[in-house]
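From a predicted model like this one, the values you see are computed outputs, not experimental measurements. Numbering of ligands and ligand atoms starts at 1, following listing order.
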Amino acid sequence: HTKSAGRNGYSFFEASMNANTVEQLQLLHDLRLAVSNGELRLHYQPKFEAPAGPVRGFEALLRWQHPQRGLLSPDAFLPLAEKTRLIIPMGKWVLNEACRQLREWHLQGFSHWTVAVNLSAVQFEQPDLVGTVTDAIELHHIPPQMLTIEVTETVAMRDPESTIDTLEKLTQLGIKASIDDFGTGYSSLLYLKRLPASELKIDRAFVKEMSPGNEDSVIVSAIIALAKALGLEVVAEGVETAEQQAFLTGLGCETLQGFLLDRPMVPEQILQRAAQAQLGPSAFVRTNAEWV
Ligand code: C2E
Ligand code: MG
Ligand code: MG
Ligand code: MG
């Protein structure tokens, strides 16, 4: 540190670093209590049969209702949760809560709905992962095929042999596996073929940049063709426009997820949507898709 940084350069740098460190420590302190204080929430985003419904199932997306900061999205706390391994107890809560909610929906008559839960690298590498998942489905009497585990391509390909081993154990129980954010990692096609997954999710970065004939649209159509050749279902995430919806449907993408169709919602909103849709003409439902 030299004085050329300006009269207050050095102290300013120190102060800002401290402020950031203090903030992270505060956040960590709060995060440790989040599970036991009941501050975690799950929002659910529907996945629709292309082009516009009905609903096939939901992806559970974690939120933290922070007592002072309000509702936080994963990008505000997941990196810290992963670094400190707090994601392990949080992830157990997520699995359990998603299974509890799914059971409730099934009992309410939506017995065809499925739920997908995201797992981060730290969770995926836990030796007792299979036991944790088994406990959750048994506790809530979930038919295993109604639960999907989403793991990103990057995490899946980190140690492909061990991923194959873990996914084999899960799929032997009947649970489904999905490769999330596909296209951003470095998949070996040889391993992809061996992965006991049943679904590929096209990363929303490609969907976002697609326009007729450009590189991203070529990549998307190649991913769809690849998935089909490997017998995998394809989900497009981040569908925001009617053009994307039409293009993806035309390429044979079976399932669409994105703000165009519906946002992640709390369970009360989901029940409202479904109930209104069952009543018939759903002109008063603010959604671009048919729910039933
Ligand atoms: P993801 O699994 O790829 O989830 C999709 C993300 O895209 C979600 O962000 C969702 O809200 C957002 N999204 C959906 N449709 C659209 C759209 O049309 N446009 C745009 N711009 N975004 C859309 P979210 O909820 O902030 O989650 C971010 C990431 O955090 C997830 O990415 C997932 O990797 C991770 N995550 C979420 N919940 C959990 C969890 O319970 N456990 C773990 N380990 N990770 C989670
Ligand atoms: Mg996901
Ligand atoms: Mg994704
Ligand atoms: Mg993502």
J.: Which is the closest N/O/S atom of Asp181 when seen from the Mg ion (ligand 3)?
T.: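 For Asp181, the N/O/S atom sitting closest to the Mg ion (ligand 3) is OD1.
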
J.: Using a strict cut-off of 4.0 Å, indicate which atoms of ligand 1 neighbour a heavy atom of Asp180.
T.: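 Close to Asp180: 1 (P), 2 (O), 3 (O).
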
J.: Answer with side chain, backbone, both or neither: which part of Val239 has a heavy atom less than 4.0 angstrom from an atom of ligand 1?
T.: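 Val239 to ligand 1: backbone contact only, side chain stays beyond 4.0 Å.
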
J.: Considering only heavy atoms of Val94, which atoms of ligand 1 have at least one such atom less than 4.0 Å away?
T.: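 Taking each heavy atom of Val94 in turn, ligand 1 has 41 (O) under 4.0 Å.
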
J.: Report yes if Glu59 has an N/O atom closer than 3.5 Å to an N/O atom of ligand 1; otherwise report no.
T.: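 Yes, at least one N or O pair falls under 3.5 Å.
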
J.: Would you mind telling me if ligand 1 is within reach of the side chain of Arg63, the backbone, both or neither, using heavy atoms under 4.0 Å?
T.: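 Side chain only; the backbone of Arg63 stays clear of ligand 1.
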
J.: Would you name the heavy atoms of Leu72 and Phe77 that are closest together and state the gap between them?
T.: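 Shortest heavy-atom separation between Leu72 and Phe77 comes out as O-CE2, 3.5 Å.
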
J.: Ignoring hydrogens, what is the shortest heavy-atom contact between Leu230 and Lys193? Give both atom names and the distance.
T.: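 Taking every non-hydrogen atom into account, CD2-CG, 3.9 Å.
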
J.: Please work out whether any backbone atom (N, CA, C, O) or any side-chain heavy atom from C-beta onward of Pro264 is under 4.0 Å from ligand 1, and answer side chain, backbone, both or neither.
T.: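 Side chain only.
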
J.: So between Leu78, Asp75, Leu62, Leu40, whose heavy atom ends up nearest atom 36 (N) of ligand 1?
T.: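 Selected option, by shortest heavy-atom distance: Leu78.
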
J.: Glu240 versus ligand 1: do any nitrogen or oxygen atoms come within less than 3.5 Å of each other?
T.: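 For ligand 1, there is an N or O atom that lies under 3.5 Å from one belonging to Glu240.
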
J.: Please identify which atoms of ligand 1 are closer than 4.0 Å to at least one heavy atom of Gln45.
T.: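 Close to Gln45: 14 (C), 15 (N).
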
J.: When you measure from atom 22 (N) of ligand 1 to each heavy atom in Phe77, Phe259, Trp93, which option holds the nearest one?
T.: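 Selected option, by shortest heavy-atom distance: Phe259.
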
J.: If you measure from each non-hydrogen atom of Gln257 to ligand 1, which part falls under 4.0 Å: side chain, backbone, both or neither?
T.: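 For Gln257, no heavy atom sits under 4.0 Å from ligand 1.
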
J.: For a 4.5 angstrom cut-off between non-hydrogen side-chain atoms, does Gln123 reach Ile87?
T.: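 A side-chain contact exists here, since the closest heavy-atom pair is under 4.5 Å.
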
J.: Name all pairs fulfilling the side chain to side chain donor-acceptor pair (under 3.5 Å) condition that reach into residues 139-149, sequence neighbours left out, sorted by first residue then second.
T.: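 Sorted result for residues 139-149: Asn96-His140.
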
J.: Which of the listed options, Leu256, Leu42, Leu61, holds the heavy atom that is closest to atom 10 (C) of ligand 1?
T.: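 Nearest option to atom 10 (C) of ligand 1, by heavy atoms: Leu61.
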
J.: Compare Arg204, Met90, Lys208 and give the one whose heavy atom is closest to atom 12 (C) of ligand 1.
T.: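 Minimum heavy-atom distance to atom 12 (C) of ligand 1 goes to Arg204.
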
J.: Taking N or O atoms only and a 3.5 Å limit, does Asn118 qualify as a polar contact for ligand 1?
T.: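 Yes: some nitrogen or oxygen of Asn118 is under 3.5 Å from one in ligand 1.
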
J.: Among the N, O or S atoms of Glu150, which one sits nearest to the Mg ion (ligand 2)?
T.: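 This turns out to be OE1.
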
J.: Honestly curious: do Phe182 and Leu61 fall in one hydrophobic cluster under the side-chain, below-4.5 Å linking rule?
T.: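 No.
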
J.: State, yes or no, whether a side-chain contact exists between Ile202 and Val235 at a heavy-atom distance under 4.5 Å.
T.: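 Counting from C-beta outward, Ile202 and Val235 never come under 4.5 Å.
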
J.: Taking 4.0 angstrom as the limit, do Glu97 and Arg41 come out as a salt bridge?
T.: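 Looking at Glu97 and Arg41, the cut-off is not met.
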
J.: For Lys228 and Gly252, indicate whether the former's side chain and the latter's backbone hold a donor-acceptor pair under 3.5 Å.
T.: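 A pair under 3.5 Å: yes.
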
J.: Can you find a pair of side-chain heavy atoms, one from Trp64 and one from Leu27, that are under 4.5 Å apart?
T.: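 Touching, per the 4.5 Å side-chain cut-off.
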
J.: Does any donor atom in the side chain of Glu150 or Ser178 lie under 3.5 Å from an acceptor atom in the other side chain?
T.: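 Per modelled atom types, Glu150 and Ser178 side chains form no pair under 3.5 Å.
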
J.: Give the atom name of whichever N/O/S atom in Asp180 sits closest to the Mg ion (ligand 2).
T.: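 Within Asp180, restricted to N, O or S, the Mg ion (ligand 2) is closest to atom OD2.
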
J.: Have a look at Lys47 and tell me which of Glu254, Glu199, Glu237, Glu59 forms a salt bridge (charged side-chain N to carboxylate O under 4.0 Å, His left out) with it.
T.: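 Single salt bridge (charged side-chain N to carboxylate O under 4.0 Å, His left out) partner of Lys47 among Glu254, Glu199, Glu237, Glu59: Glu199.
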
J.: If we only consider heavy atoms of Gln123, is any one of them less than 4.0 Å away from an atom in ligand 1?
T.: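 Gln123 counts as a contact of ligand 1 under the 4.0 Å cut-off.
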
J.: Check whether any N, O or S atom of Glu237, backbone or side chain, sits closer than 2.8 Å to the Mg ion (ligand 2).
T.: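 Given the 2.8 Å cut-off, Glu237 does not count as a ligand of the Mg ion (ligand 2).
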
J.: Strictly under 2.8 Å, is any N, O or S atom of Asn118 next to the Mg ion (ligand 2)?
T.: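 It does; at least one qualifying atom falls short of 2.8 Å.
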
J.: Can you name the N/O/S atom of Glu59 that is nearest the Mg ion (ligand 2)?
T.: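 Within Glu59, restricted to N, O or S, the Mg ion (ligand 2) is closest to atom OE2.
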
J.: Would you sort out whether Phe110 and Trp291 count as a ring pair (Phe, Tyr, Trp, His ring centres under 6.0 Å), showing the intermediate values?
T.: CA-CA 11 Å; Phe110 303 102; Trp291 271 61; 8.8 Å; no

